[in-house]
Peer 1: 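Dumping the structure here so I can ask a few things about it.
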Amino acid sequence: MAHVITTACIDVKDGACVPVCPVDCIYEGGRTLYIHPDECIDCGVCVSACPTQAIFEESRLPSELAHFTAINREFFGVEVSGLDSPGGADGKRVACDHPAIARIIPIAVRAAA
Ligand code: SF4
């Protein structure tokens with residue numbers, strides 16, 4: 001089990017969760033943050049730090065957000081970021097996003113349409 005970052009982080013990336021994570025397992029992508037599922041120790045500290053309520057314990061994910069478990073995991077694979085399991089974000093930022101995130105139309109573009 002791990003914690004999972006979901007929709008409310010996209011195009012916000014407040015980042016308040018990053019410095020409170022005791023194992024530095026929250027990584028920055030282009031439009032959202034991602035939690036490394038194998039590095040997360042499930043402490044829950046990030047949940048209360050997030051101002052947009054984007055983070056859930058995996059077992060408490062609302063059904064409409066269940067696909068974010070795979071999104072967070074797949075982000076680290078060779079077909080997306082290729083980060084694998086570096087053992088800590090260490091402030092690094094990756095420009096890409098999981099394809100399911102990249103496909104979402106930014107809020108500003110939607111509002112202007
Ligand atoms: Fe980091 Fe704890 Fe949040 Fe996992 S649950 S991402 S270890 S702060």
Side-chain angles (χ1 to χ4, degrees):
M1 283 292 184
H3 278 59
V4 176
I5 293 181
T6 65
T7 310
C9 184
I10 300 170
D11 297 327
V12 177
K13 292 202 305 185
D14 175 84
C17 58
V18 174
V20 303
C21 176
V23 293
D24 194 25
C25 71
I26 303 175
Y27 293 71
E28 183 176 0
R31 294 178 60 190
T32 187
L33 301 172
Y34 300 84
I35 292 176
H36 197 299
D38 299 327
E39 296 177 0
C40 174
I41 60 170
D42 247 358
C43 69
V45 173
C46 56
V47 174
S48 52
C50 177
T52 63
Q53 287 86 51
I55 307 174
F56 295 83
E57 184 185 6
E58 191 178 336
S59 64
R60 295 186 178 175
L61 269 172
S63 57
E64 68 272 19
L65 298 176
H67 56 298
F68 276 88
T69 297
I71 288 172
N72 279 252
R73 177 172 291 282
E74 290 168 5
F75 173 72
F76 296 93
V78 290
E79 291 174 2
V80 185
S81 73
L83 282 169
D84 195 18
S85 187
D90 197 25
K92 287 187 291 292
R93 178 181 183 276
V94 178
C96 69
D97 279 295
H98 187 282
I101 302 294
R103 278 194 299 270
I104 295 171
I105 299 170
I107 293 169
V109 173
R110 268 183 273 158

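FYI, side chains are in, hydrogens and waters are out, and symmetry mates aren't considered; it's all heavy atoms of this structure. Indexing begins at 1, ligand by ligand and atom by atom, following the structure's order.
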Peer 1: Under 4.0 Å from a heavy atom of C25: give me the atoms of ligand 1 that qualify, with their elements.
Peer 2: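 In order of number, 1 (Fe), 4 (Fe), 6 (S), 7 (S).
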
Peer 1: Under 4.0 Å from a heavy atom of I26: which atoms of ligand 1 are those, numbered in the order shown and with their elements?
Peer 2: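 Those qualifying, in numeric order: 6 (S).
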
Peer 1: Looking at G30 and R93, what are the two nearest heavy atoms and their distance?
Peer 2: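 So the two residues come closest at O-NH2, 3.6 Å.
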
Peer 1: Can you list the residues that meet the ring pair (Phe, Tyr, Trp, His ring centres under 6.0 Å) rule with F56, with sequence neighbours excluded?
Peer 2: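 Applying ring pair (Phe, Tyr, Trp, His ring centres under 6.0 Å) to F56 gives none.
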
Peer 1: Heavy-atom contacts with P22 under 4.0 Å: which atoms of ligand 1 show up? List them by number with element.
Peer 2: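 It comes down to these atoms of ligand 1: 8 (S).
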
Peer 1: Where's the contact between I41 and ligand 1, heavy-atom distance under 4.0 Å: side chain, backbone, both or neither?
Peer 2: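 Both of them.
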
Peer 1: Check each atom of ligand 1 against the heavy atoms of C46 and keep those under 4.0 Å away; list them by number with element.
Peer 2: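 By the 4.0 Å cutoff, the relevant atoms are 3 (Fe), 5 (S), 6 (S), 8 (S).
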
Peer 1: Under the 3.5 angstrom rule, does the side chain of Y27 hit a backbone N or O of G88 as a donor-acceptor pair?
Peer 2: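 It does hold such a pair.
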
Peer 1: Looking at A54, is its backbone amide N or carbonyl O close enough to the side chain of T6 to form a donor-acceptor pair, meaning the two atoms are under 3.5 Å apart?
Peer 2: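 Here the side-chain-to-backbone pair exists.
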
Peer 1: Could you tell me whether ligand 1 has any atom less than 4.0 Å away from a heavy atom of V20?
Peer 2: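 Per 4.0 Å heavy-atom rule, V20 does not contact ligand 1.
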
Peer 1: Any atoms of ligand 1 less than 4.0 Å from a non-hydrogen atom of G44? List them with their elements.
Peer 2: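 Counting atoms of ligand 1 from 1, those under 4.0 Å from G44 are 2 (Fe), 5 (S).
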
Peer 1: Give a yes or no on whether the backbone of A2 and the side-chain of E58 come within a donor-acceptor separation of less than 3.5 Å.
Peer 2: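 The answer is yes, because a donor-acceptor pair under 3.5 Å joins these two groups.
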
Peer 1: Ignoring hydrogens and angles, tell me if any N or O in the side chain of D24 forms a donor-acceptor pair with the backbone of D90 under 3.5 Å.
Peer 2: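 Answer holds: yes.
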
Peer 1: Suppose we only count N/O/S atoms under 2.8 Å; would C17 qualify as near atom 1 (Fe) of ligand 1?
Peer 2: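 No.
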
Peer 1: Among all protein heavy atoms in this structure, tell me which lies nearest to atom 2 (Fe) of ligand 1, with the distance rounded to 0.1 Å.
Peer 2: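 The closest heavy atom on the protein side is C43 SG, 2.3 Å.
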
Peer 1: Under a 4.0 angstrom heavy-atom cut-off, which atoms of ligand 1 come close to V23?
Peer 2: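 Here the atoms of ligand 1 in question are 7 (S).
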
Peer 1: Within the side chain of R31, is there an N or O that forms a donor-acceptor pair under 3.5 Å with the backbone of I101?
Peer 2: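 Yes, because the side chain of R31 sits within donor-acceptor range (under 3.5 Å) of the backbone of I101.
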
Peer 1: For H36 and D84, indicate whether the former's side chain and the latter's backbone hold a donor-acceptor pair under 3.5 Å.
Peer 2: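 Pair found, side chain donor or acceptor close to backbone of D84.
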
Peer 1: Does A2 approach ligand 1 within less than 4.0 angstrom via side chain, backbone, both or neither, non-hydrogen atoms only?
Peer 2: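 Under 4.0 Å from ligand 1, A2 contributes no heavy atoms.
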
Peer 1: Output yes when a side-chain donor or acceptor of N72 lies under 3.5 Å from a complementary backbone atom of I35, and no otherwise.
Peer 2: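 Side chain of N72 to backbone of I35, a donor-acceptor pair under 3.5 Å: yes, one is there.
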
Peer 1: Within ligand 1, which atoms have a heavy atom of C21 less than 4.0 Å away?
Peer 2: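 Answer for ligand 1: 1 (Fe), 7 (S), 8 (S).
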
Peer 1: Indicate if the distance from atom 4 (Fe) of ligand 1 to the nearest N, O or S atom of C40 falls below 2.8 Å.
Peer 2: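 Yes, within the cut-off.
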
